[in-house]
2 protein chains.
Amino acid sequence: MTQETAKPVRAPRRAPAVSRQAVLDAATRLIEEQGVAGLSMRKLAARLGVAVTSIYWHVGNREALVDELVQEMVHGLDTLAATGSDPVARVLSLATGLRRVLREHPHLIGLVNERGMTPAMFLPSQRALASEVASAGLAGPRAADAVRAVQYHVIGFVLVERHTDRSPEQRPSAEELWLAEPAADAALAGALATPVDADRLFAVSTEALVRALLTKQ
Amino acid sequence: MTQETAKPVRAPRRAPAVSRQAVLDAATRLIEEQGVAGLSMRKLAARLGVAVTSIYWHVGNREALVDELVQEMVHGLDTLAATGSDPVARVLSLATGLRRVLREHPHLIGLVNERGMTPAMFLPSQRALASEVASAGLAGPRAADAVRAVQYHVIGFVLVERHTDRSPEQRPSAEELWLAEPAADAALAGALATPVDADRLFAVSTEALVRALLTKQ
DNA sequence: ACCTGAACACCGTTCAAGT
DNA sequence: ACCTGAACACCGTTCAAGT
């Protein structure tokens, strides 16, 4: 869309200062270091040692650049295979793998969702999930519901946990709020006053969901 | 934090051009119209008919302004009561109500999560959920898991659905990708090639999750 | 107490011009 | 084909100064 291919001219030219791929790589590094807000065309140009306007020639504009990064991540989600013997275990292994991959791209994952690319991102794992759900005996719309429910659950969980466990002290923290007043069930209140163990909560909730979805009603 | 209270001087002064609350209200309207990215201090000032720097006197800076809006929304989440006879139905009514409230603030909800205010936002509904879960016979850590699992599920679902169903045509859409190749289960493939019905998916997945969580293992 | 304009250091993007 | 600087219209924020 940016580079129009003209008829090949054989005149010798000096090597390009940057390539399209170099721009994408530098942008990825910048985002990893400073977050999406830290990605600016000018910083990018400075890092690559070229004028800002060179960036525009290679990638169009900032919007298109980010779109490209999103596409790269979407295409990197192909390799997810189920393990385990029974259907529940196999679906759980897919869910866990999905969460692991998503957490490896903490900055990109939010972008993917913001741009409505979530369905595309999920396609490969969706095939795997569909296959497991089918072999668990579900079919048609009910199977589709199960597949999507697991997907929504996993990405939703990752989106929430990304921001929930990050800041060590909130104002006010759920802990102090729970401990401040008398509760009916002291043990429950105490448990809710404890910081969230995301790994355990994911395991518990996902297993409950998957088991319920795969059980014929 | 912004306004230091000095000893009351009784000298007559002309009425303030804007109030802190007027700034917050204008900011809310601006966000509703143009999204969070559309909120700029300069637009705000222009709308209120004052210099940009007046805004700073009232609310500190942009960060503090957004924080204030988040707090307003967090405090507006108190009124959620369970309905229904059995525990499952009552928890489901809370989950549904929670989703409804969250969807009424489409722009703020993402902000709340970004700022790690999710636990604070959930406190009121957390009490209600805890009460229902307790009366379903769960206690201690297991009850706490159930409460949190429902919370994560609901907010995660809302975060995902906000961006998934918005753009009518994606490139490539999940539909065409599914229809493009032969699948093992034609009915499943057909169902997955249909656009997501968010209301139904929420009902199905939430009921499955809640039922599994409340059932003693 | 409340508001102002000037100034600074940033942005993304377009354009005409170079080689 | 690829890169450049100048220019435009935006930002958030600080500061000294007004009343």
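Letters A, B, ... are given to chains in the order of the sequence lines, protein chains preceding strands, and every chain is numbered from 1.
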(request) Check side chain to side chain contact (heavy atoms under 4.5 Å, CB included) between A:A82 and all other residues, then give those that pass, not counting sequence neighbours. (result) A:R90, A:S93, A:L94, A:E132
(request) Mind calculating the distance between CH2 (B:W57) and P (C:dT4) to the nearest angstrom? (result) 13 Å
(request) Please determine, by modelled atom types, if B:T118 and A:H163 share a side-chain donor-acceptor pair under 3.5 angstrom. (result) no
(request) Round to a whole Å and report the spacing from CD1 of B:I55 to P of C:dC2. (result) 14 Å
(message) Tell me every residue that passes salt bridge (Lys or Arg N to Asp or Glu O under 4.0 Å) with B:E32, counting only those two or more places apart in sequence or in another chain.
(response) none
(request) Please work out which residues in residues 21-37 of chain B have a non-hydrogen atom less than 4.0 Å from an atom of DNA chain C and list them by number. (result) none
(request) State which residues pass side chain to side chain contact (heavy atoms under 4.5 Å, CB included) with B:A27; sequence neighbours excluded, sorted by chain then number. (result) B:L39, B:L44, B:L65, B:L69
(message) List the residues meeting salt bridge (Lys or Arg N to Asp or Glu O under 4.0 Å) with A:R200, not counting sequence neighbours, and say none if there are none.
(response) B:D145
(message) Taking only side-chain N and O atoms of B:H58, does any of them lie within less than 4.0 angstrom of OP1 or OP2 on C:dC3?
(response) yes
(message) What does the 5'-to-3' dot-bracket notation of DNA chain C look like when only Watson-Crick and G-U wobble pairs under 3.5 Å count, and pairs to other strands show as |?
(response) ||.|||||...|||||.||
(request) State which residues pass salt bridge (Lys or Arg N to Asp or Glu O under 4.0 Å) with A:R42; sequence neighbours excluded, sorted by chain then number. (result) none
(request) Do nucleotides 5-16 of chain C as a string where each nucleotide becomes B, S or -: B if the base has a protein heavy atom under 4.0 Å, S if just the sugar-phosphate does, - if no protein is that close. (result) BBB---BBBBB-
(request) Sort and list the pairs that fulfil side-chain hydrogen bond (donor to acceptor under 3.5 Å, both in side chains) and have at least one residue in residues 44-54 of chain A, not counting sequence neighbours. (result) A:E33-A:R47
(message) Taking ring pair (Phe, Tyr, Trp, His ring centres under 6.0 Å) as the definition, give me every residue that meets it alongside B:F157, ordered by chain and number, with sequence neighbours left out.
(response) A:Y152, B:F202
(message) For B:R100, give me all partners under salt bridge (Lys or Arg N to Asp or Glu O under 4.0 Å), at least two apart in sequence or on another chain.
(response) none
(message) My understanding is that only residues two or more places apart in sequence, or in another chain, count here; which of them pass side chain to side chain contact (heavy atoms under 4.5 Å, CB included) with B:Q21?
(response) B:S19, B:L24, B:D25, B:E72
